[in-house]
Structures are given as structure tokens and as C-alpha cells.
Amino acid sequence: MTPLKWFHSFLKRYRGLMFLGLFMTTVIAALSIAGPYLSGIIVDDVIQAGNYDLLPKLILCLLGITLLTSVLRFLYQLVFETASQGLLYDMRGRVYRKFLEEDFTFYNRKRTGDLMSRQTGDMEAIRHFMAYVIYAVYQNILLFVFALLMIFTINAKLALCMLTVLPFTALATFRQSKEVKPAFQRNRNCFSSLNAFVQENISGNRVVKAFAKEDYEKEKFQQENDKFRDAQIMGSRVWMKYVPIFEILSYTLTIILMLYGGYMVIQGEITLGDLVRVNGYLWMLNTPLRMAGWWVNDIQNFITSVEKIYSTYSEEPAVKTPCPTQCPQQSPEKEEENTSENSHARIHGDIEFRNVTYRADEEDIVKNVSFKVKAGQTIGIIGSTGSGKSTLMNLLCRFYDTTSGQVLVDGQDVRNMDLYDLRDNIGMAMQDVFLFSDTIEGNIAYGRPDCSFDRVKHAAVMADANHFISALPEGYDTIVGERGVGLSGGQKQRISLARALLKDPSVLILDDTTSAVDMETESYIQKQLKSVKQDCTVFIIAYRISSIRDADQILVMDHGHIIEHGTHDELVAANGYYANAFRNQYGEIPYDLMNGARKTLTR
């Protein structure tokens, strides 16, 4: 599908309104003929012939035409504005829903500012085209054609003489359209880049201030701003080069009329009234010629915006729910119906990684990993930074697909499962805590927005968050700033944990969730997690031994491999990576554990 065909799929719904608006535009263009025609009658039949009785009737006709034209002009502008806003509403909604369907790989490659510019600047260019450019171009073409036909009815030689400007107009329009498209593409790219830069710096303003890099960022912004300004100026130069040409061509029509038309009046080939008529039609010829450059700009801007939005929209996620081969291809109209939420089956919680390898950017992040987890078990994962711990959980949630091997949930490959089914059964407290600009209650209840306040509070108690939330002036109704601004790192982690616990998931993933809390709070949270252990499979990714020492099974990862696995006591006795980490965090290993290690090694 081409970008314009994709755009047309949205336009179908508003074809009726568009045709109504174009019909009224046609009527207005036809009524525009009447003014100059009646003016010619006034000159010939009233002023020169002396039939003054006709004057009141002609003036009433002119007033009636003016009134009718004004009413129709208001109505068709209302129609086009309604159609444009409706189309933009549909397009923005579908593009946003497509953004939500995209996988992690998509967002790893795209900048937030670029995606925002698709939903703002590019969408606005489309709305402007729909609300104004379509009817303006159509109306001006009709005015030009109708005026030319009327001049032909008055005098064919004069009309042919005035047509001599058309080849030059067509050539200038063609050349401008060829030059202006790359200029607009460069302009939109620079706008996206500037938008992305500003968004990044506003989000990261605390880092900028912490490193006192305000002057550095101002200089970088100036560079981006200069690029955007230069792109704007270069684009303006294109149409500035051609606008004078269109102006000259339009004034050429006036010169032709005054010279050749005046000569024809003197020779008696046309009457003075005919000359007045042609002069009245002259603006209907001049305006389209004078505005041609502007219309070319607006049309190319529209095409560029559609292409940029479609290039983003058309990227299919690599990770998506498999569709059976027998299911029919869905139409765009049916696409919206699939957003409704239905009840989903609860999974049991048996997990197996079978020879799993994941490769990204020409590097193996996870290498031939295999392990099994029974439902209800707690699994601790520890390892050096970049060893692939979080990647394992991303593969389990199917944020990415394995390069080879299988991730099985209840014996079923996750690639064959409904994505919503899978993820709705998983509660995840992520390493990078993100909180929405909402109340604390709204953030905790994000996964279950219809749950009662008692359940929200219970989850907060389990995450040891209730006491500090209750101490806030507005308690659970406190509005959290963007990304949790106003809360400490530990407080954000506990809210994130409460959000995950509230889902009552079959699988709970805690990715370094207690790194920012004190040891006492961590101990309390560990005790609370034991109450959900029986019917929930728990994965705990941590650097602290205290977070995972009570796990049923501990996996030790290094460079994408599982290098050790077992219980805490078994791993300490093995005197490997885990035992070394234990010594680093707690000092020398206690004598009884070291004695156990010697016995194990002796065997």
C-alpha cells in the first residue's frame, strides 16, 4: 500500500461530507460568474442605453448573489473543517494504537521527539490540507475554467490571447513542485530532530543541572535551531523564487486585457460592457495564477507529512500475537474493534527455557540458556552488569523473540500465545521505574484500574509503601509528577512493586526492585513476598545476596551464560562466583558454611 492509498482509507468515511463541500464550492464558483456578467449589462443596457428601470433589479440580483455566496461559503468551510477534524481524529487514534502495538525494538530505534512530531506537526499539515487547501485549489481551478469559458463566449480571439500565459504557468508549477519536495522533507526532518532534542533535554533537565551543562546544552540547541531555521529558509527560497514568476504572469493578463481589449473596443469588435465583463473575470484568472506557488507548497507539505507518518505506521512489529492461517484479512474499520478487552485464562506458572539464544546488534546477549521452574517457586538471578539477567525476563514476557531455542510457559511456546494473555498474567516491577503523571492510587492500580481502594492499600502495605503514602498531605490522591518527580528512588520502587503485586499475577518479576531501599525495608518486603509465593512463580533479579538467598533456585549469569545454579547453601559451598559475591558483601564466609564447602569439594 502506498502512503496516499493509506490516507485514502481514512478519507472514505468522509467522502459524503467532502462531496457536499465540493458541490457547494462549485455553486459558489458558478455564482462568481454572475457578478461580472451583470456589471456588463449595467454598462451596456443601463448606462449607455439609458434603461434605468433595470438598475434596481440588477442591484437586487447582485445583493442576493452576494448573500447566497456568503451563506454557502460559511457552510462549506464548516463542512471541510468538520471532515478534516474527523479524519484527523481517526488517523491520530489509529497511529497511536499502532504505536502501542510496536515492540521494544521499534522504540529502541525511534526517538520520542520524532514520534511526537508525527502526532503533532505532520498531523496538523494534513488537517490544513483537508480543511483549506482542497477546497481552495478546487475553487480556484473552477474559477479559472469558468472565467475562461465566459471570455470565450464574449470574444474567442481575446480569450486565446490571454491563454498564452498558460504554458509558462504550467512550466513554472512543474519546476517548483520538483524543487520544493526535497526542501519540505529536509524541513520536516529538522523539525523532528529539534523536537526530539527539546523533549530529551526537558526530560533530562536534572542531569543537565547536576553536571552544570546548561551552556553546553544551549549551544547544542542553538545548532539544532540553526539547522531548522536554515531548512525553513531554504524551503522558503524555493517558493520565493517562483512567486514573482506567478505574479508577473498574473499581471501579464491585465496588460493583455488593457492593450488588446481596449484596441478591440476602439475597433468596435466588443462593447465597453464586454470589456467590463472581461475585466471582472480577470481576478478569477489572476488569483489562481498568483496563488499557484502557495498551493504547490501546501500540497507537497501534505504529501511529505503523509509519507513520514506512513513510514512509521507501516513498520510491522517483529513480536506480535500469531494469527491462524485461516483467519481473514481484517479491514481498517475492523481494526478498531479488536481493542476491546475480554477475559483471559490464568496461566499456571511452569516456566522452561530450552537452549535459548538471543542476538541483537551482531552480539549474543543470551547464549544457549536452559533451566526449568515449577509453578510457585522463587528464582533468584544474579550476575555482573550486562550478563543478560533482564534480557531473560524480557524474553519471558516476549518483549523480544529468541534468536533460537524456546521459552515455554505451561509447556507452550510463548510465540504461540496471545500476547495480552501472556502479559496480563505477569506482574513486573521494572529496573527503570516509570510512574505516570497521575495520583499514587492511579499508578498502583494501573494494571487493575477497576479494583477497590482496599486492594490498592493492601498492595501498598505489602510493598511497605502505605506508611509514607499516608504521610503525604493528600495520601493516595497525591499527584505524582512526571516520571515520579517528588518521590525518592526507594519510594518509586515500592510503588512500582505495589503496582506489580496488585495484578495478582501468576508470574511476578522483580528486576532489581529493592536496590534503593534500606535493609530493614527489604527484609519486610521479602517476608511479604512469601505470602504470594504459593500460587505465584517469582523471579528476583538482584545484586544483593540478601534479596535472593531464600530463593528455591538461584541462577548465576556471566556473559550470557548460566555459570552456576542451585540453592544459596549449595552455591556458597561450590566456592565459585556466587560465593565470591557473598564474601564481598558480607565479609568472610561463616565457618559452618566454609566447612560445608570443604566437604562438597572433597566429594
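What you see is a predicted model; the values in this text were computed from it and never measured.
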inquiry  = Whether the Q77 and E81 side chains hold a donor-acceptor pair (N or O, under 3.5 Å, no angle test) is what I'd like checked.
reply    = no
query = So E441 and D477, side-chain contact (heavy atoms from CB on, under 4.5 Å) or not? Walk me through it.
reply = CA-CA 6 Å; E441 181 185 356; D477 293 326; 3.9 Å; yes
request  = Sort out for me which residue in F129, F302, Y313 forms a ring pair (Phe, Tyr, Trp, His ring centres under 6.0 Å) with F7.
outcome  = F302
ask   = Between the side chain of N108 and the main-chain N/O of F104, is any donor-acceptor distance below 3.5 Å?
value = yes
request  = State whether the side chain of Q585 and the backbone N or O of I545 hold a donor-acceptor pair below 3.5 Å, judged by distance alone.
outcome  = yes
message = Within the 4.5 Å heavy-atom criterion, are L395 and V369 side-chain neighbours or not?
response = no
ask   = Taking the side chain as C-beta and beyond, is there a heavy-atom pair between N301 and S305 under 4.5 Å?
value = yes
query = Does the distance from a Lys or Arg side-chain N to an Asp or Glu carboxylate O, for K98 and E101, drop under 4.0 Å?
reply = no
ask   = Is it true that F434 and F436 have ring centroids separated by less than 6.0 Å?
value = yes
message = I'd like to know whether T321 forms a side-chain contact (heavy atoms from CB on, under 4.5 Å) with Y420, so could you lay out the CA-CA distance, the side-chain angles of the two residues, the decisive distance to 0.1 Å, and finally the verdict.
response = CA-CA 8 Å; T321 297; Y420 189 88; over 6 Å; no
request  = Go through the steps to decide whether C451 and L502 satisfy the test side-chain contact (heavy atoms from CB on, under 4.5 Å), and finish with yes or no.
outcome  = CA-CA 9 Å; C451 71; L502 184 63; 3.6 Å; yes
task = Kindly indicate, with the supporting measurements, whether the criterion side-chain contact (heavy atoms from CB on, under 4.5 Å) is fulfilled by M234 and C190.
result = CA-CA 12 Å; M234 290 179 67; C190 289; over 6 Å; no
task = Side-chain contact test, heavy atoms from C-beta onward, threshold under 4.5 Å: evaluate it for L87 versus L11 and give yes or no.
result = yes
key: The single option from R423, Q406, R398 passing side-chain contact (heavy atoms from CB on, under 4.5 Å) against V414   = R398
Salt-bridge present (R109, E315; N to O < 4.0 Å) = yes
Ring center gap for F80 and Y132 short of 6.0 angstrom = no
ask   = For N189, does its backbone N or O pair with a side-chain atom of S193 as donor and acceptor, under 3.5 Å?
value = no
request  = Check whether any side-chain N or O of R346 sits under 3.5 Å from a backbone N or O of P505 as a donor-acceptor pair, and report yes or no.
outcome  = yes
query = Backbone N or O of I469 within a donor-acceptor pair of the Y476 side chain at under 3.5 Å?
reply = no
query = Would you say the side-chain atoms of Q85 pair up with the backbone N or O of T82, donor to acceptor, closer than 3.5 Å?
reply = no
request  = Could you tell me whether the side chain of D558 reaches within less than 4.5 Å of the side chain of S384, counting heavy atoms only?
outcome  = yes
ask   = Rounded to the nearest 0.5 Å, how far apart are CG of L497 and CE of M430?
value = 14.0 Å
message = Side chains of I509 and C397, heavy atoms from C-beta outward: is any pair under 4.5 Å?
response = yes
key: Side-chain heavy atoms of L508 within contact of T537, under 4.5 Å   = no
message = Less than 4.0 angstrom from a charged side-chain N to a carboxylate O is my criterion; do D114 and K110 meet it?
response = no
key: Separation of M123 CE from S117 OG (nearest 0.5 Å)   = 10.5 Å
request  = Kindly compute the distance separating CG (D103) from CG (L419), expressed to the nearest 0.5 Å.
outcome  = 9.5 Å
message = Treating S496 as the side-chain partner and K492 as the backbone partner, does any N or O pair qualify as donor plus acceptor under 3.5 Å?
response = no
message = Strictly below 4.0 Å, N to O, side chains only: are K12 and D90 in salt-bridge contact?
response = no
message = Side chains of L435 and V433, heavy atoms from C-beta outward: is any pair under 4.5 Å?
response = yes
task = Would you tell me whether N355 and S370 have side-chain atoms, one donor and one acceptor, within less than 3.5 Å of each other?
result = yes
task = Measure the shortest side-chain to side-chain distance between R415 and T402 over non-hydrogen atoms and say whether it is less than 4.5 angstrom.
result = yes
Side chain R494, main chain D464, donor-acceptor under 3.5 Å = yes
message = With a 4.0 Å cut-off on N to O distance, would you call D364 and R359 a salt bridge?
response = yes
message = Looking at T439, is its backbone amide N or carbonyl O close enough to the side chain of N443 to form a donor-acceptor pair, meaning the two atoms are under 3.5 Å apart?
response = yes
key: Side-chain (N425) to main-chain (S506) donor-acceptor, under 3.5 angstrom   = no
message = How long is the straight-line distance from CZ of F371 back to CD1 of I379, given to the nearest 0.5 Å?
response = 7.5 Å
task = Go through N368 and T357 one step at a time and tell me if the side chain to side chain donor-acceptor pair (under 3.5 Å) criterion holds.
result = CA-CA 5 Å; N368 199 32; T357 296; 5.0 Å; no
Residues D226 and R229 bridged, charged N to O under 4.0 Å = yes
note = One should read off an interatomic distance between D511 CG and L392 CG, to the nearest 0.5 angstrom, of 10.5 Å
ask   = How long is the gap from CD on E474 to CD1 on I440, to the nearest 0.5 Å?
value = 9.5 Å
